[in-house]
Amino acid sequence: MNDAAPLCGFTIGITASRRAEEFATLLTRRGATVVHAPAIRIIPLADDTELERVTRQIIDNPPEIVVATTGIGFRGWMEAADGWGEAEELGRALAASRLLARGPKAKGAIRAADLREEWSPASESSAEVLDHLLGEGVEGKRIAVQLHGATTEWEPVADFCEVLRCAGADVIAVPVYRWTPLEDQAPMDRMIELIASGGLDAVSFTSAPAVASLLTRAKETGMIEMVLHSFRHRVLAACVGPVTAGPLRELEVPTTMPARSRLGALARHIADELPRRANKIHTAGHELSIRGGCVVVDGEVRQLPPAAMSLMRTLGARPGRVVPRDELLAALPGGGGDTHAVETAVARLRASLGAPKAVQTVVKRGYRLALDPVDCADSREEGQQ
C-alpha cells in the first residue's frame with residue numbers, strides 16, 4: 001500500500017453537515033472512499049422566539065457569569081441578536097459579565113465579538129468548568145449557560161445547569177441553537193444499512209447531535225441492534241472529541257478520537273487507526289485484508305461484486321473454519337433457496353481475488369478461507385484461551 005494513501009481501500013461514512021466537503025477532501029486525499037449522509041439540520045436562530053426572550057432578559061439584567069460552551073453557538077447567538085437589532089445591547093451586557101469559555105472555539109467566538117474571556121480550561125471539558133465554578137462558590141449568583149443542540153434518549157440532558165442550581169445559583173439557560181433530522185432521510189437510511197452490513201470501515205462524528213440523530217433513525221427503521229453490533233465489533237466509530245463520543249459510550253460502543261478536537265486531527269487519526277486495526281489474513285501464499293467495500297490482496301485493492309463481497313465478509317469472520325453452504329446462501333444479497341447460487345458466487349469470488357486457492361471447498365460441508373500455517377497456529381492459540 002502507498003504510504004501517501006494510507007486509507008486506500010477503506011470506506012468511511014461522514015455524518016457532518018458543516019464543513020463536510022472539506023473533511024471529505026482530507027480523507028480522499030489519503031485514499032479513502034467517502035459516503036456522506038448529513039445527520040442534522042440546524043434550525044435558524046433568528047426564528048427562535050425562546051432565544052430572543054432569554055436574550056432580552058440578559059440585556060435587561062446582565063448575569064454575573066456567562067458560560068460559552070461552543071464557538072458556533074456563541075457566534076450564532078450574536079448573529080441572531082444582530083438580526084433582532086440587539087447586538088450592541090447584548091455585547092454591553094456580556095461585557096459587564098465574567099465570561100468563561102469551555103474551549104478554544106468558544107474562546108475564539110468570544111474574542112471575535114470584541115469581548116474577552118476571564119478563564120478557559122485546558123481540557124476543553126464542561127466538567128472542569130463546573131468544578132471551577134463550584135470551587136469559587138456560586139450560591140446566590142446569576143449564571144447564564146449557553147446550551148446547544150437538543151435532547152433525545154441518545155443525548156441525555158446535561159446536569160451542568162442542575163448541579164449549579166443545587167449549589168444555590170440562579171441559572172439562565174440560553175438555547176442558542178436546536179437541531180432536527182433532515183427531511184430527506186434516504187442518505188441516512190443508506191448509511192445505516194451500510195453500517196449494519198459492515199459495508200463501512202468507519203463512521204466519523206463531529207457532534208453529539210449527529211450521533212443522536214443517526215441512532216434515533218436506526219431505531220425508527222428497526223436497525224438499532226444491528227447498528228450497535230456493527231459498531232461494537234467491526235465498524236470504527238471515530239469521534240472528534242469526548243462530548244461527541246458521549247452518547248455512544250453510554251451504549252458501550254467503543255470510540256476513538258484524536259488528542260485535539262479538530263477536523264484535521266480527526267482525519268489524521270482515522271488515517272493512523274484504520275490501517276493499524278485492519279485484519280490481515282495469510283492464505284494460499286497471499287495476504288488478504290477485508291475492508292468495508294473491497295478486499296486488499298497483497299497490497300492491491302480488489303473491488304468485488306456485492307455477492308462475492310458478502311461471502312468474503314462471512315468467510316473472513318471465521319478464517320480457517322468451515323462455513324456451511326446454507327449460511328453462505330443466507331449471506332447473499334436476495335438470499336433464495338438454491339445453493340447453486342453459492343457455487344456461482346464462490347467462483348466469482350475466487351476470480352475477483354486473483355487468488356483462487358484462498359477459498360477452499362470442503363466436500364459436503366461448505367467453504368473456508370485456507371489459512372497458511374502461521375495463521376492456523378494463531379487461530380488454535382486463540383481458541384484455547
Side-chain angles (χ1 to χ4, degrees), residues 16-19 40-121 124 126 129-130 132-133 136 138-152 155 157-165 167-182 206-210 243:
S17 300
R18 295 177 59 253
R19 300 176 67 189
I40 58 174
R41 178 178 69 87
I42 303 299
I43 296 173
L45 293 178
D47 299 339
D48 199 321
T49 55
E50 175 61 14
L51 175 60
E52 186 173 7
R53 184 192 69 78
V54 172
T55 299
R56 172 49 59 186
Q57 180 183 350
I58 287 172
I59 289 171
D60 292 342
N61 186 10
E64 294 175 58
I65 300 169
V66 175
V67 179
T69 59
T70 64
I72 182 177
F74 192 87
R75 284 195 304 273
W77 186 18
M78 298 303 295
E79 290 167 5
D82 188 46
W84 303 322
E86 297 177 344
E88 289 187 14
E89 292 174 278
L90 178 59
R92 283 194 293 269
L94 296 178
S97 305
R98 297 167 51 204
L99 283 165
L100 307 185
R102 182 178 64 84
K105 291 182 181 179
K107 185 191 301 184
I110 289 171
R111 295 185 180 184
D114 290 327
L115 298 166
R116 188 66 58 173
E117 80 286 348
E118 176 185 283
W119 179 82
S120 181
E124 305 182 32
S126 296
V129 175
L130 187 59
H132 179 82
L133 288 169
E136 69 177 39
V138 297
E139 188 172 359
K141 293 183 179 179
R142 292 183 75 245
I143 303 175
V145 178
Q146 173 221 313
L147 306 177
H148 56 89
T151 58
T152 68
E155 187 188 12
V157 178
D159 60 0
F160 192 99
C161 294
E162 190 58 34
V163 171
L164 290 176
R165 289 190 182 101
D170 176 13
V171 179
I172 306 166
V174 184
V176 293
Y177 65 87
R178 292 178 290 128
W179 64 267
T180 182
L182 273 71
T206 53
S207 71
V243 174

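Numbering of residues begins at 1 and proceeds along the displayed sequence.
Within the 4.5 Å cutoff, the side chain of Ile65 has no heavy atoms near those of the Leu99 side chain. Considering only heavy atoms from C-beta on, Glu124 comes within 4.5 Å of Pro104 through its side chain. Within the 4.5 Å cutoff, side-chain heavy atoms of Thr70 are placed close to those of Arg102. Put simply, the side chain of Glu162 does not reach to within 4.5 Å of the side chain of Val171, judged on heavy atoms. Side chains of Val145 and Val66 form no contact here, defined as non-hydrogen atoms less than 4.5 Å apart.
No donor-acceptor pair under 3.5 Å is formed between the side chain of Ser97 and the backbone N or O of Glu64. The backbone N or O of Asn61 sits less than 3.5 Å from a side-chain atom of Arg142, completing a donor-acceptor pair.
With rounding to the nearest 0.5 angstrom, the OG1 atom of Thr206 is 9.0 Å from the CZ atom of Arg19. In this structure, SG in Cys161 is found 10.5 Å from CD1 in Ile172, a value given to the nearest 0.5 Å.
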Could you go through the side chain to side chain contact (heavy atoms under 4.5 Å, CB included) check for Ser207 and Ile40 one step at a time?
CA-CA 10 Å; Ser207 71; Ile40 58 174; 4.1 Å; yes
Starting from the C-alpha separation in whole Å, work towards a yes-or-no answer on side chain to side chain contact (heavy atoms under 4.5 Å, CB included) for Ile143 and Val138.
CA-CA 8 Å; Ile143 303 175; Val138 297; 3.8 Å; yes
Could you go through the side chain to side chain contact (heavy atoms under 4.5 Å, CB included) check for Leu164 and Asp170 one step at a time?
CA-CA 8 Å; Leu164 290 176; Asp170 176 13; over 6 Å; no
For residues 53-60, tabulate all N or O donor-acceptor pairs below 3.5 Å that involve a side-chain atom, not counting sequence neighbours.
from, atom 1, to, atom 2, distance (Å)
Arg53, NE, Glu50, OE1, 3.3
Arg53, NH2, Glu50, OE2, 2.9
Thr55, OG1, Leu51, O, 2.8
Thr55, OG1, Trp77, NE1, 2.9
Arg56, NH1, Asp60, OD1, 3.2
Arg56, NH2, Glu86, OE2, 2.8

Please set out all donor-acceptor pairs under 3.5 angstrom arising from side-chain atoms of residues 111-118, sequence neighbours excluded.
from, atom 1, to, atom 2, distance (Å)
Arg111, NE, Glu117, OE1, 3.1
Arg111, NE, Glu117, OE2, 3.4
Arg111, NH2, Glu117, OE2, 2.6
Glu118, OE1, Arg98, NE, 2.9
Glu118, OE2, Arg98, NE, 3.1
Glu118, OE2, Arg98, NH2, 2.8

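Within a 6.0 Å radius of CD in Glu136, more than 12 heavy atoms belonging to other residues, nucleotides or ligands are found.
Among residues two or more places apart in sequence or in another chain, the side chain to side chain contact (heavy atoms under 4.5 Å, CB included) test is passed with Pro121 by Trp119, Ser123, Glu128, Val129.
Scanning all heavy atoms of the two residues, the minimum distance from Ala68 to Gln146 falls at CA-OE1, 3.5 Å.
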